[in-house]
Number of protein chains: 2
Amino acid sequence: MEHRIERIKKQLHSQSYKLTPQREATVRVLLEREEDHLSAEDVYLLVKEKAPEIGLATVYRTLELLSELKIVDKINFGDGVSRYDLRKEGAKHFHHHLVCVECGSVEEIENDLLEDVEKIVQRDWGFQVQDHRLTFHGICKQCQKSAVKTT
Amino acid sequence: MEHRIERIKKQLHSQSYKLTPQREATVRVLLEREEDHLSAEDVYLLVKEKAPEIGLATVYRTLELLSELKIVDKINFGDGVSRYDLRKEGAKHFHHHLVCVECGSVEEIENDLLEDVEKIVQRDWGFQVQDHRLTFHGICKQCQKSAVKTT
DNA sequence: TATTAAATTATAATTATTTTAAATATCTAC
DNA sequence: GTAGATATTTAAAATAATTATAATTTAATA
């Protein structure tokens, strides 16, 4: 954890941004809840536990900054709020998501399943791919099981 | 065009929804601008030309309804507004998008590039895929050309 | 063509996010 | 260690997107 904070501190400094206590608290929340997909409001409430004086606008600004630096990815699952997802260390690509339309759970897929597809896009459409967003909507394992039970 | 409106009318009636002039005007705008990715506001302004008395809330409700009936797909490119994209007739899957980070243009890919990937997700993650959202971010053909020129 | 449930209008309310200006704090260089 | 320049935060207000409300109107059916 401390190691990752140090790294982020360096990333900020290299662009002459400062690591303020508010920013550090925000990053810590993101690290602690790495598996989740928190909205700005969610992050705000959690950061408030560490740094009660922080304002919501600061959280928004911090998340925006981390997003620019590619430390977090901003995603939207269509529910009206932006969510922020920490990039895995050393990950070349943004990971994919499985959103269950029954229970709303969100699972992550680390494997890069799009290598071939990106090659095709590059070759056949002449589009120089930099990043992607891939989300599947469907029924998760758990909900499939429950559906069988109740049938 | 008239044929597609008729079909949509039947789809509405089959769920006991009415095809009001406002809804028809909205659908016509979507048909006329099939290649675009209009926001609710965009649609509203265009519909107003045909039906000046329409309210923005009605446009939102209509788009929401069309979305439920799978006549349009609601997408979000991360710019804070939802966009509405007419489903191609007979398309089994939602098409993909290429968003240029330089000029903001959005290109559509009709081909289903995810068949294999969906099989893998189904098999290895036990996730029953119903739909997907795939967007690539990068540099479009035109912007690549201009970049070469200015270098 | 009268009926009835569904839909629309206009307005207000919510929710998410961003901006502003004044006050404060971080990091660098000394 | 500390001053100073600059970045950052705070708090509040503004903006933007979307949804809800209640009264009025209208589309489709019999």
Side-chain angles (χ1 to χ4, degrees), chain A residues 5-29 37-48 50-69 71-72 74-84, chain B residues 5-29 37-48 50-69 71-72 74-84:
Chain A
I5 301 232
E6 261 322 301
R7 266 176 61 106
I8 290 169
K9 185 170 182 174
K10 278 185 191 133
Q11 281 187 70
L12 285 168
H13 286 175
S14 76
Q15 314 255 355
S16 64
Y17 291 116
K18 296 166 182 174
L19 182 66
T20 63
Q22 292 88 338
R23 284 179 183 167
E24 187 177 330
T26 305
V27 169
R28 280 183 192 279
V29 163
H37 301 85
L38 303 172
S39 67
E41 184 85 33
D42 294 338
V43 174
Y44 171 63
L45 293 173
L46 290 165
V47 175
K48 254 181 127 51
K50 294 180 198 297
E53 75 295 348
I54 202 173
L56 179 55
T58 301
V59 171
Y60 270 103
R61 268 184 310 243
T62 301
L63 292 170
E64 196 54 41
L65 175 62
L66 295 174
S67 200
E68 267 169 38
L69 297 179
I71 294 166
V72 305
K74 193 172 174 180
I75 31 168
N76 194 299
F77 293 132
D79 58 352
V81 293
S82 295
R83 297 178 179 280
Y84 299 86
Chain B
I5 301 235
E6 262 320 301
R7 267 176 60 107
I8 289 169
K9 184 170 183 175
K10 279 187 189 130
Q11 280 187 74
L12 285 167
H13 287 174
S14 76
Q15 314 253 359
S16 64
Y17 291 117
K18 296 168 182 172
L19 182 66
T20 63
Q22 292 89 339
R23 284 179 181 167
E24 188 176 329
T26 305
V27 169
R28 279 182 192 279
V29 163
H37 300 85
L38 304 170
S39 68
E41 185 84 32
D42 294 337
V43 173
Y44 170 63
L45 292 173
L46 290 165
V47 175
K48 254 180 128 50
K50 294 178 196 300
E53 76 293 349
I54 203 172
L56 179 55
T58 300
V59 171
Y60 269 103
R61 269 183 311 244
T62 301
L63 292 171
E64 196 55 42
L65 175 61
L66 295 173
S67 201
E68 268 169 39
L69 296 179
I71 293 166
V72 305
K74 193 173 174 179
I75 31 168
N76 195 298
F77 292 132
D79 59 351
V81 293
S82 295
R83 297 179 179 280
Y84 299 85

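The structure displayed is predicted, hence computed values, not measured ones. Reminder, nothing fancy here: chain letters follow the sequence lines and each chain counts from 1.
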Examine [N]: is either OP1 or OP2 under 4.0 Å from a nitrogen or oxygen in the side chain of [X]? Give yes or no.
X: A:Gln22; N: C:dT26; answer: no
X: A:Thr58; N: D:dT10; answer: yes
X: B:Tyr60; N: D:dT18; answer: yes
X: A:Ser82; N: C:dT17; answer: yes

Between [N] ([atom2]) and [X] ([atom1]): distance, integer Å:
X: B:Lys9; N: D:dA28; atom1: NZ; atom2: C1'; answer: 9 Å
X: A:Leu69; N: D:dA7; atom1: CG; atom2: P; answer: 15 Å
X: B:Glu24; N: D:dA28; atom1: CD; atom2: P; answer: 10 Å
X: B:Asp79; N: C:dA16; atom1: CG; atom2: P; answer: 18 Å
X: B:Asp42; N: D:dA16; atom1: CG; atom2: P; answer: 15 Å
X: B:Asn76; N: C:dA16; atom1: CG; atom2: C1'; answer: 12 Å
X: B:Ile54; N: C:dA10; atom1: CD1; atom2: C1'; answer: 14 Å
X: B:Leu63; N: C:dA7; atom1: CG; atom2: C1'; answer: 15 Å

Practice task
Run the salt-bridge test on B:Lys9 and B:Glu24 with the 4.0 Å N-O cut-off and return the result as yes or no.
Solution key: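 No.
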Practice task
Report the residue (A:Glu53 or B:Gly80) whose heavy-atom-nearest nucleotide on DNA chain D is the more 5′ of the two.
Solution key: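 Its nearest nucleotide lies further toward 5', so the answer is A:Glu53.
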Problem - First encountered from the 5' end of DNA chain D, between B:Glu64 and A:Thr62 - result: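 Looking at DNA chain D, the more 5' nearest nucleotide goes with A:Thr62.
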Problem - B:Ile54 vs B:Thr26 side-chain heavy atoms within contact, under 4.5 Å - result: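 Yes. Closest side-chain heavy atoms under 4.5 Å.
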Practice task
Indicate yes or no: at least one non-hydrogen side-chain atom of B:Glu41 is less than 4.5 angstrom from one of B:Val81.
Solution key: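 No, every pair of side-chain atoms sits at 4.5 Å or beyond.
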Problem - Whichever of A:Leu19 and A:Ala40 has its nearest DNA chain C nucleotide further upstream toward 5' - result: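 The residue mapped nearer the 5' terminus is A:Ala40.
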Practice task
Go through the steps to decide whether A:Leu12 and A:Leu65 satisfy the test side-chain contact (heavy atoms from CB on, under 4.5 Å), and finish with yes or no.
Solution key: CA-CA 9 Å; A:Leu12 285 168; A:Leu65 175 62; 3.8 Å; yes
What's [X] touching, base or sugar-phosphate or nothing? Going by heavy atoms closer than 4.0 Å.
X: B:Glu41; answer: nothing
X: B:Ser39; answer: nothing
X: A:Thr20; answer: sugar-phosphate
X: A:Leu56; answer: base

Check every atom of [options] against the side chain of [X] and return the nucleotide holding the closest atom.
X: A:Arg61; options: D:dT21, C:dC27, D:dT10; value: D:dT10
X: B:Arg23; options: D:dT9, C:dA7, C:dA16; value: C:dA7
X: B:Lys18; options: C:dT17, D:dT26, D:dA11; value: D:dT26
X: B:Ala57; options: C:dC27, C:dT11, D:dT18; value: C:dT11
X: A:Tyr17; options: D:dT8, C:dT26, C:dA5; value: D:dT8

Exercise for the section: Answer yes or no: is there a donor N or O on one side and an acceptor on the other, between the side chain of A:Arg83 and the main chain of A:Phe77, under 3.5 Å? Expected result: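 Not confirmed, A:Arg83 side chain does not pair with A:Phe77 backbone.
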Exercise for the section: For A:Gln22 and A:Thr58, work out which heavy atoms get closest and say how close. Expected result: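 Closest pair (atom of A:Gln22, atom of A:Thr58, distance): CB-CG2, 4.1 Å.
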